[in-house]
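Order of the sequence lines sets the chain letters (A, B, ...), proteins ahead of strands, with each chain counted from 1.
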There are 2 protein chains.
Amino acid sequence: MESAQESPSTRKSARESLSERAYRDLKAQILENRLSVGRQYMEQEIAERLDMSRTPTREALIRLANEGLVEIRPRHGMRIKPISRDDMREIYEVLTSLESQAAALAARRSLSKAEIDAMRRAVADMDAALKDDDLESWAEADERFHRLLVEYSDNRRLIALVGTFIDQSHRVRMITLRMRPRPTDSNQDHRAVVEAIARGDADEARRVHRTHREKSGRMLIDLLATHGMTEI
Amino acid sequence: MESAQESPSTRKSARESLSERAYRDLKAQILENRLSVGRQYMEQEIAERLDMSRTPTREALIRLANEGLVEIRPRHGMRIKPISRDDMREIYEVLTSLESQAAALAARRSLSKAEIDAMRRAVADMDAALKDDDLESWAEADERFHRLLVEYSDNRRLIALVGTFIDQSHRVRMITLRMRPRPTDSNQDHRAVVEAIARGDADEARRVHRTHREKSGRMLIDLLATHGMTEI
DNA sequence: GAATAAGTTAACGTATACAATAATTCTCGC
DNA sequence: GCGAGAATTATTGTATACGTTAACTTATTC
């Protein structure tokens, strides 16, 4: 897959359809929280915002609805789906399951030194970021770690699914990033996962990662509860 | 015109859109293997087959493509996605993960007597079907068992996902149904899962169900291999 | 006969037209 | 002021029109 990334305004983007662009732009706007959650947007409105007709807009909306980011309500337009505490529970239950499976699969394959090193580097970067109290960097490295782990599963469906649910919960994670306690033992967990994978110990990798995700999921949901946030 | 008749009790006020009907009809045709796998169907052709214009047809195709049942190839029409051995590996890895999580979640909730009984009945029906050498009935009860298990997870996302992957592999399962050895110890496994859930033993339920799915996944893939089937 | 260029076809992507109808506003009797 | 029903509006769902361009065909050259 060639990534011909040009400035979209000047360069008539080679072969990307409007429908595709609508999907990517809209998704980006949602993830960056540039659209008000809960508010209704008419198809026409979205289409104008994207500077195209309703047809490709609708096609993008269908895809986004399938991914659970958006809800299409027949006579009321679409709205960004707010994430409730219960949604977060569901999302984390699914992520826990899929990612711990990914850890086991990664352990079963014998990863190259380079692949293991990439994960170790992510963990090291998290340590460093934590030492500097740089939450931004920590979040970046954390995301990188999880992405690598899942990629090493060698299962395209698994990779796509995890991506979908990471996206669904993205907003919540960003918002709660500054409310949560310093993720010290999170790093501990990650290290244990990497080492289990390096040893090829699938059961241990799965177990440790599951425990890790269960813990962080519970923490996040408690956080929402104590701050009285019911929908984000 | 077609009569949108429901059972009188479940009156649905909103009429079903063509787009929705296209999705359901097409999906049904795919699952029932009424469309040739691999062949190209032009949008126009599908639209005529469904007796509507291209617009709702396209919308249905987008959804089916998202679910992985169909592939849209820009100038060549759509085609039913053939399932390779590698696809089956991926699908079963995902299903194994999600369903065993469902088993654990079901065990953690305390299911009602009625719910446990429904699962026990499914297992009993499988036993009976096996005794009668009635593969049809066995498959029905097996599917019912898995569906119940997942439903009891109380996680809508999990339920939807499992449905998607069951659908993706539906054709393969139907075709291999008569090639596989009699699923004797499959029933054994199911019973163990139910009893673990009934006891509220989440870890055991998860473990047993994972082992079960791994076993049946491996069996299915070996079956495809020994019969030299590379794509279905 | 192979390679290349020119010409043709047709499938798609997108815009637009339009009818159906849910939602909203208005009217009017009480 | 309130509710029922009529009238109006707005938004969607669907059909259709149409330009673009990938894919295919034919012509031309060596």
Rounded to the nearest angstrom, tell me the gap between atom OH in A:Tyr23 and atom P in C:dG13.
17 Å
Closest to the side chain of B:Leu18, out of D:dT14, C:dT14, C:dG13, is D:dT14
Nearest whole Å is fine: how far is D:dT16 P from B:Glu48 CD?
12 Å
What nucleic acid atoms does B:Thr55 come within less than 4.0 Å of, heavy atoms only: base, sugar-phosphate, or nothing?
base
Given the structure, check if the side chain of A:Arg75 and the base of D:dG13 hold any donor-acceptor pair shorter than 3.5 Å.
no
As a test of reading the structure: which of C:dG13, C:dA15, D:dA15 is closest to the side chain of A:Ser53, going by heavy atoms?
C:dA15
For atom CD of A:Glu16 and atom P of D:dT21, their distance in whole Å:
15 Å
Spatial distance of atom OG (A:Ser19) from atom CZ (A:Arg24) [nearest 0.5 Å]
12.0 Å
Within the pair B:Arg58 and C:dC12, is there a side-chain N or O less than 4.0 Å away from OP1 or OP2?
no
For atom CD of B:Glu43 and atom P of D:dA15, their distance in whole Å:
14 Å
As a test of reading the structure: which of C:dG13, C:dC18, C:dT14 is closest to the side chain of A:Ser19, going by heavy atoms?
C:dT14
Want to settle it: does A:Arg54 or B:Ile72 sit nearer the 5' end of DNA chain C, counting the closest nucleotide to each?
B:Ile72
Can you check whether A:His76 has a side-chain N or O nearer than 4.0 Å to OP1 or OP2 of C:dA23?
yes
A:Met52 has its side chain closest, among D:dT12, C:dA15, C:dA11, to C:dA15
Do the side chains of B:Arg173 and B:Glu143 get close enough for a salt bridge, i.e. N-O under 4.0 angstrom?
no
So B:His212 and B:His190, would you call those rings parallel, tilted or perpendicular, with 30° and 60° as cut-offs?
perpendicular
Between A:Gln40 (CD) and C:dA22 (P), how many Å, whole number?
17 Å
If you measure from the Lys or Arg side-chain nitrogens to the Asp or Glu carboxylate oxygens, is any gap between B:Asp87 and A:Arg156 under 4.0 Å?
yes
